[in-house]
Protein chains: 2
Amino acid sequence: MWRYDPPLRDMRFVIDEVLGAPAAWPAMAGFEELDSDMSAAVLEEAGRFAAEILAPTNGPGDLEGCTWQDGEVRTPAGYKAAYQAFVDGGWPALACDPACGGQGLPQLLNAALFEMLVSANHAWTMYPGLLHGAYEVLHQHAQGWLRDTYLPKVTSGEWLSTMCLTESHAGSDLGLLRTRAVPQADGSYAITGNKIFISGGDQDMTPNIVHLVLARLPDAPPGTKGISLFLCPKFLPDGTRNAARCDSIEKKMGLKGSATSVMSFDGATGWLLGEPHRGLQAMFLMMNAARLHVAMQGLGHLEAATQNALSYAAERVQSRSPSKPAGAPAAAADAIIHHPSLRRQLWTLQARTEAARVLCYWTAQALDDEQAHADPAARAAAGARATLLTPVLKAMMTDYGHYGADRALGIWGGHGYIHEYGIEQLVRDSRIALIYEGTNEIQAIDLVLRKLMPDGGAKLRELLDWAAAQCEGSAHAAAARAQLQAVAEAVSALQADAAADPELPFRAADDLLFAVGEALLGAAWARTDAVAAAALATGRGDAAFYQRKQQLARFHFDWLAGELTHRLRGVAAARAPLPFLA
Amino acid sequence: MWRYDPPLRDMRFVIDEVLGAPAAWPAMAGFEELDSDMSAAVLEEAGRFAAEILAPTNGPGDLEGCTWQDGEVRTPAGYKAAYQAFVDGGWPALACDPACGGQGLPQLLNAALFEMLVSANHAWTMYPGLLHGAYEVLHQHAQGWLRDTYLPKVTSGEWLSTMCLTESHAGSDLGLLRTRAVPQADGSYAITGNKIFISGGDQDMTPNIVHLVLARLPDAPPGTKGISLFLCPKFLPDGTRNAARCDSIEKKMGLKGSATSVMSFDGATGWLLGEPHRGLQAMFLMMNAARLHVAMQGLGHLEAATQNALSYAAERVQSRSPSKPAGAPAAAADAIIHHPSLRRQLWTLQARTEAARVLCYWTAQALDDEQAHADPAARAAAGARATLLTPVLKAMMTDYGHYGADRALGIWGGHGYIHEYGIEQLVRDSRIALIYEGTNEIQAIDLVLRKLMPDGGAKLRELLDWAAAQCEGSAHAAAARAQLQAVAEAVSALQADAAADPELPFRAADDLLFAVGEALLGAAWARTDAVAAAALATGRGDAAFYQRKQQLARFHFDWLAGELTHRLRGVAAARAPLPFLA
């Protein structure tokens, strides 16, 4: 009964009309040939893969899970075939450099691809989910034979990759990690140590696996400034098995089709990537892309929850609605979509999902602008915007994705608790996104302490001004701009009070991140409303689509604007003492 | 690593000092002999059962789950032995009539027992969870040989019981149910139909199962006024197997040790309980007790999440805290309990849990007062209070239990997602409590539409006045009373506006229920603060315990009071239009 219907109409609306991306592509280096129809064709094909090949493996893969025997992992039925189809379709290389075998398409389309993959099957998407980041690391840091051997296979997806960071005592705090790498006479390194939570640490989908491993050289200083990055394959170039082993896989809440591995490196052969002791910087290349990718997961979860909740609520008949919907028959009961409490939840889900898509795609577009915009000033501004948006979206989208799915489960009543209806799996699968690639609490500290406080809020001001400009032409422009202004004032006040209370920004960080995010959702709705109004004014058709967008924009400001006020009150409340626990 | 440490000190504080129950017992019919030491001894023994016998079956039972073969269910290892120990200890009969083999102790102690059982193993507790309700139904409605045969076995727990209400097309709306009962010549009825979501529909823990089944007589009017209640055992009095069969068990998100059964009745023999066509009224006897029982589940979940999060956060060392805790060594990293974001979450969990216990126990005490208070006016007032408190607590406690556990999972970071740390199971197990025994949305409608609106808020006024009186002697009395007053005003305003917009109370119901609940939490903290202040003034020792209570009270009003404001804004926002979905 769980289904996935790619929201192609809405994606095209956001890409073409809200972002105006096709109008910009002709002036961007590398995208000169791209237009709206080509972009729509790519998304349609991606949607077909997600809906027809991937989605059918989602529920069964959760029940079957991965199995581990003697260091080897078997993924659920259908996973390997789906991955082969994915590689054959050229999807891993979508946004990679054509000089390395990539297709050179915008990050924006890659983001839309990953939204669909996660909606269809998040567990499966864990395997290719790290590929683009690994490509970025190799593209920038691998040289000579190492580059020739590994970059093409990772670009094409022929070999999958892992990120080996976490150790049992070193999760959020990588400075504590202990894995060591000893230089060998042949220029390689012998890597020894244990890693946990390694997604795809072993799998049966590709003939080799390229592990990217953080470890310490013998002369490394302590802490995060003594960590280097190594490439350590499952099979060495001569075909022998490397001493990198999957010792077990975790029993988890969800993502049961994704093999979360405990890895041991027992003098495994690896090669240095980038400079010694600068592995964390190299890895952060990968991490920043990964954080936006995780934000897209939140959007994918929201979309999947919303469309399934809507269709279930339209079919399930239970009790009379207090206000009879127009044209409803005089039956003993109505479809539950008409009940006020559920109607409110369904509008909330839709309003969240559609504004989340605008924010996520805006950010992906900023990454493209940063790379390929003709104007250097626009490149710099887009880069600064993406830097600020990334932690906000990583935390807010994953939070709204998971808690949105969890609230949506209630729409199914008792059936929501049963596996075959699909929503309970989504709730379980989506929970990890709040944690990995930097917990949401760490995103908030990153935003507030590293990005807002040091420059006195100047970069935030630029982001908010940009967002305020997006509201032009909407009936909600004044409301949306007042929200953006309220956030700017809260940051100034926080800055002032932090002088006497340096812990204050840490206490306020979570609420402040969500306040920024809520104000941006308002801007997304104002922009959407203005675009819809302009489309309706042309009378070019599809009026129901644009009228519904305007209804949702109004719903956002009527019903959901209180979230921002609540978050700002939380920021204010953080002035209160917060005693240490005994 | 997951553990359960019964919060006996806090339970005794609430029962003895906040509620003053032991001081009242001597004047209450049936409790004359009971005192504080006896009550503490009962709870200590119950805590030992929960912690030592029940808790060890919780994690393994989740992994093993129930198995079904040929209509018979096998429960996880240890479940049957734990149940035998539970029956041998006399726990099922704790609050039952001594004339029927019960121990005649207060509902208050039974509530505390069930809080502990749920904290230790919610899935197992599903089996005896319905016993007291079944006892109430039989105690009131079973006569003659039916009473003699079934009441003693249900009172003692020798036979377990089920509630067979739901059908696949009739969940929240029981009026749609189709199971039918045809009178037989011998005075019995032949019951035919299918039921779903039957907890303990089959199990291997007791030699017989007493199904309480809702069905329609041949002459039944349609809707809820044509439903009758039947007793239908797995084995008939002559030992033959009845035609009531467990066809399968559900694959669920959680509670995997609890057999959620699909049942078919194929001309099964049953006997009428109570009047024809009045089965729902008889069942609601059971449902009301069940709703408070479900509220206790939310408290049990909160307690388990809170105590485990606190102990994990005290042990896990990761990164430096921005403010160094007093006396912390100059280490590379601090215990995460000191990090501001987690400290705030941990205080929130504690503040919620301890006030939730006050509210739940207050309500259980009201049930005892309703039965056994010497003053008829006090009996009536207590009954009215319990009636209003039950839907509020059912919805709020289960919501805070589940979402509190889900937020707490983040404290474990990536480990929270792994089964062996325990918290992910708690998140899964706790989700169903928002749904069963009337979804939380239905609780809100019940509260607002059936209990607040019809009498113009008069009963609510009594509840709020009672709560305001509880605040006497606290430094927070004025703040708590202002909150209670704000809720009263919101209800009056809603009443006034509902005249022109009859759907309005339905749109506002969810927020209004939580506003009432938040105001009551404030009253619970004011009362706790006043009791702690009085205890400290006597200088009788245990000062750290009472000082911590006062810190938590202050934390509630500093950090959490905004929740009430947010809910009241939600009630106000519900004036906005909420379009029908296409």
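Throughout, a chain's letter reflects where its sequence line sits, starting with A, and its residues are numbered from 1.
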For this session: Select, from B:R407, B:E441, B:R507, B:Q551, the one with the greatest count of heavy-atom pairs under 4.5 Å involving chain A.
Result: B:R407
Problem set entry | Among the listed options B:S168, B:G175, B:A508, the residue most often paired with chain A at heavy-atom distances under 4.5 Å | B:S168
Problem set entry | Option that, when pairs with chain A are counted at under 4.5 Å, heavy atom only, ranks first among B:Q345, B:E424, B:R343 | B:R343
For this session: Tell me, for A:R316 versus chain B, whether the close heavy atoms (under 4.5 Å) come from the side chain, the backbone, both or neither.
Result: side chain
Exercise. Which region of A:L63, side chain (C-beta onward) or backbone (N, CA, C, O), has a non-hydrogen atom less than 4.5 Å from a non-hydrogen atom of chain B, or is it both or neither?
Worked result: side chain
For this session: May I ask you to name which of B:G223, B:A574, B:G570 has the most heavy-atom pairs under 4.5 Å with chain A?
Result: B:A574
Exercise. A:F197 and B:H415: aromatic ring centres closer than 6.0 Å?
Worked result: yes
Exercise. Given A:H566 and B:E563, is the side chain to side chain donor-acceptor pair (under 3.5 Å) satisfied, shown in steps?
Worked result: CA-CA 8 Å; A:H566 187 50; B:E563 290 296 324; 3.3 Å; yes
Seminar exercise, completed: If one checks every heavy atom of A:Y417 against chain B at 4.5 Å, the contacting part turns out to be both
Seminar exercise, completed: Honestly, the part of A:A544 sitting under 4.5 Å from a heavy atom of chain B is neither
Problem set entry | Heavy-atom proximity to chain A below 4.5 Å, by part of B:L176 | side chain
Exercise. Checking B:R569 against chain A: side chain, backbone, both or neither under 4.5 Å from a heavy atom?
Worked result: side chain
For this session: Below 4.5 Å from any heavy atom of chain B, which atoms of A:D406 appear? Answer side chain, backbone, both or neither.
Result: both
For this session: Select, from A:R554, A:E420, A:Q425, the one with the greatest count of heavy-atom pairs under 4.5 Å involving chain B.
Result: A:R554
Exercise. A:H169 side chain to A:L177 main-chain N or O, any donor-acceptor pair under 3.5 Å?
Worked result: no
Problem set entry | Winner by heavy-atom pair count (cut-off under 4.5 Å) against chain B, out of A:I435, A:T439, A:D558, A:I418 | A:I418
Seminar exercise, completed: Turns out that what part of B:L409 lies under 4.5 Å from chain A's heavy atoms comes down to both
For this session: Please state whether the side chain, the backbone, both or neither of B:L449 comes within less than 4.5 Å of a heavy atom of chain A.
Result: neither
Problem set entry | chain B contact via A:L310 - side chain, backbone, both or neither, heavy atoms under 4.5 Å | side chain
Seminar exercise, completed: Checked B:E503, B:E250, B:K252, B:K251 vs chain A; the most non-hydrogen pairs under 4.5 Å come from B:E503
For this session: Below 4.5 Å from any heavy atom of chain B, which atoms of A:V317 appear? Answer side chain, backbone, both or neither.
Result: backbone
Exercise. What part of A:D399 lies closer than 4.5 angstrom to a heavy atom of chain B: side chain, backbone, both or neither?
Worked result: side chain
Problem set entry | Among the listed options A:S172, A:G410, A:P222, A:G254, the residue most often paired with chain B at heavy-atom distances under 4.5 Å | A:G254
